[in-house]
Amino acid sequence: MRIARFSIDGNVAFGAVEGDKDDELVLDIIKGIPFAEYELSGTKVPLNKVRLLPPVLPNKVVAFGRNYAEHARELGNEVPDAPFAFFKPSTSVIGHGDAIQYPGFSSEVHHEAELAVVIGRMCREVPRERVKDVIFGYTCANDVTARDVQKREKQWARAKGFDTSCPLGPWIETDLDPSDLTIQLTVNGQQRQLGRTSEMITPIEDLIVNITEAMTLLPGDVILTGTPAGVGPLETGDEVAVTIEGIGTLTNKVVKRD
């Protein structure tokens, strides 16, 4: 099932996305929230009549760096011996169609297409064999990075945590095998990144084991699983699109920060 979060007439709701053709998609409005018991209302609205919002508002976004060997090498970094994580704050999250605001403190902002995992239940110290039980679904992400700031500062908080640096969407796909999916990113229609989730150094199960050894994850929290090779610069006016097989396409435009 594809579950979207949206606003219409000033109200925010979740809905199940139905249909195959982009111009014919409809939302069956959900009664309740998808992280608890819910049911479909049967009330349907065309997708093109609503504004898509970030599919979740996470308490935290936990991102894993250098989880694709070729990406690590393209930036002159060694392939890590073990997963290492960093955080993107909830204020960095935006949705499909929202603008990425180019921060004034950077002159080298890069795109990074990623598969995002959405957590469905409170969990900690999750054994590997139970990881699937805590995953709600998957969505597209763009780990937008101020690369010059990342290189200059030892901590990545500003480089990867600035406002609008974590586009998510367009919706969550709950029925998906994430082990070997195509990840593609285009800028103004030209392909920049192309990889497969099977190229991850550390698979999703082990990433979740790793982070839940240290902290509790809450429903709606998001795990970013790393980016394939091909990262590169974004400029004001660019349109950047992340497409992941079985999920859909997340599109955002880059604008100058007001």
Side-chain angles (χ1 to χ4, degrees), residues 1-7 12-17 25 27 30 33-35 47 50-65 67 85-101 109-120 134-145 160-176 178 181 183-187 193 197 204 207-208 211 217-228 231 234 238-255:
M1 181 181 291
R2 293 171 292 177
I3 295 180
R5 181 171 164 270
F6 65 95
S7 66
V12 175
F14 288 93
V17 183
L25 296 178
L27 290 162
I30 288 173
I33 60 172
F35 303 109
L47 186 68
V50 308
R51 179 193 170 200
L52 285 177
L53 301 173
V56 288
L57 288 179
N59 174 271
K60 54 187 169 294
V61 177
V62 183
F64 284 90
N67 199 27
F86 59 92
F87 294 100
K88 294 174 83 80
S90 59
T91 48
S92 69
V93 173
I94 58 173
H96 173 76
D98 292 336
I100 298 167
Q101 297 181 15
V109 170
H110 281 197
H111 55 76
E112 295 191 8
E114 308 207 8
L115 174 69
V117 182
V118 180
I119 299 300
V134 306
I135 294 175
F136 179 73
Y138 305 88
T139 192
C140 304
N142 192 346
D143 176 21
V144 183
T145 302
K160 286 179 171 285
F162 62 88
D163 291 353
T164 74
S165 66
C166 190
L168 298 174
W171 42 64
I172 301 166
E173 174 56 67
T174 63
D175 184 16
L176 188 69
L181 304 174
I183 301 180
Q184 178 179 240
L185 181 141
T186 63
V187 177
Q193 291 184 264
T197 57
I204 290 168
L207 295 178
I208 292 178
I211 200 62
L217 298 179
L218 302 177
D221 280 351
V222 170
I223 310 295
L224 302 189
T225 58
T227 191
V231 301
L234 292 170
D238 284 346
E239 183 176 83
V240 56
V242 177
T243 301
I244 300 181
E245 180 183 358
I247 299 176
T249 299
L250 164 69
T251 303
N252 302 92
K253 192 162 186 176
V254 183
V255 302

Original post:
Going through the checks in order, is the side chain to side chain contact (heavy atoms under 4.5 Å, CB included) test met by L218 and I119?
Top reply: CA-CA 7 Å; L218 302 177; I119 299 300; over 6 Å; no

Original post:
So, the side chain of W171 versus the backbone of G15: is there a donor-acceptor pair under 3.5 Å, distance only?
Top reply: no

Subject >> For G248 against C140, the heavy-atom pair lying closest together >> reply: O-SG, 3.4 Å

**OP:** Could you tell me whether the side chain of T174 and the main chain of M1 form a donor-acceptor pair under 3.5 Å?
**Re:** yes

Subject >> From NE2 (H96) to CZ (R51), nearest 0.5 Å >> reply: 11.5 Å

**OP:** Could you give me the CA-CA distance, side-chain angles and deciding distance for Y138 and T197, then say whether side chain to side chain contact (heavy atoms under 4.5 Å, CB included) is met?
**Re:** CA-CA 12 Å; Y138 305 88; T197 57; over 6 Å; no

Original post:
Among D98, D143, V93, I100, whose side-chain contact (heavy atoms from CB on, under 4.5 Å) with P167 holds?
Top reply: I100

Subject >> Value rounded to 0.5 Å, distance of CZ in F64 from CG in L207 >> reply: 5.0 Å

Original post:
Minimum heavy-atom separation for L52 to A4, with atom names?
Top reply: CD2-CB, 3.8 Å

Subject >> P219 to G120 - nearest heavy-atom pair and separation >> reply: CB-O, 3.8 Å

**OP:** For the pair T227 and Q193, evaluate side-chain hydrogen bond (donor to acceptor under 3.5 Å, both in side chains) and give the outcome as yes or no after the intermediate values.
**Re:** CA-CA 9 Å; T227 191; Q193 291 184 264; 2.8 Å; yes

Original post:
S7 versus V50: any side-chain heavy-atom pair under 4.5 Å?
Top reply: no

Original post:
How far apart are the C-alpha atoms of V61 and D221, what are their side-chain angles, what is the distance that settles it, and do they pass the side chain to side chain contact (heavy atoms under 4.5 Å, CB included) test?
Top reply: CA-CA 6 Å; V61 177; D221 280 351; over 6 Å; no

**OP:** Determine whether N252 and N142 make a side-chain contact, defined as any pair of heavy atoms from C-beta on separated by less than 4.5 Å.
**Re:** no

Original post:
Going through the distances and angles, do S165 and K88 end up as a side chain to side chain contact (heavy atoms under 4.5 Å, CB included)?
Top reply: CA-CA 8 Å; S165 66; K88 294 174 83 80; 3.5 Å; yes

Subject >> Contact check, side chains of T145 and V231, non-hydrogen atoms, under 4.5 Å >> reply: no

**OP:** Taking all heavy atoms of E173 and all of G246, pick out the closest pair and write down the distance.
**Re:** CG-O, 3.6 Å

Original post:
Heavy-atom distance under 4.5 Å between the side chains of L234 and H110, does that happen here?
Top reply: no

Original post:
Are any of the side-chain heavy atoms of I33 and F14 separated by less than 4.5 Å?
Top reply: yes

Original post:
Any side-chain heavy-atom pair from F136 and I172 closer than 4.5 angstrom?
Top reply: yes

Subject >> Euclidean distance, I3 CD1 relative to F35 CZ, rounded to 0.5 Å >> reply: 8.0 Å

Original post:
Looking at OG of S90 and CG of L57, how far apart are the two atoms once the value is rounded to the nearest 0.5 Å?
Top reply: 8.0 Å

Subject >> Shortest non-hydrogen contact between V56 and G220, atoms and distance >> reply: CG2-O, 3.6 Å

Original post:
Would you say L176 and L181 make side-chain contact, with heavy atoms under 4.5 Å?
Top reply: yes

Original post:
Can you name the closest pair of heavy atoms from G169 and T139 and give their distance?
Top reply: O-OG1, 3.1 Å

Original post:
CG of L53 to CZ of R5: how many Å apart, nearest 0.5 Å?
Top reply: 5.0 Å

**OP:** Measure the shortest side-chain to side-chain distance between I208 and I135 over non-hydrogen atoms and say whether it is less than 4.5 angstrom.
**Re:** yes

Original post:
Any donor-acceptor pair under 3.5 Å linking the side chain of T164 with the backbone of Q101?
Top reply: yes

Subject >> CG-CG distance between N67 and L224, expressed to the nearest 0.5 angstrom >> reply: 11.0 Å

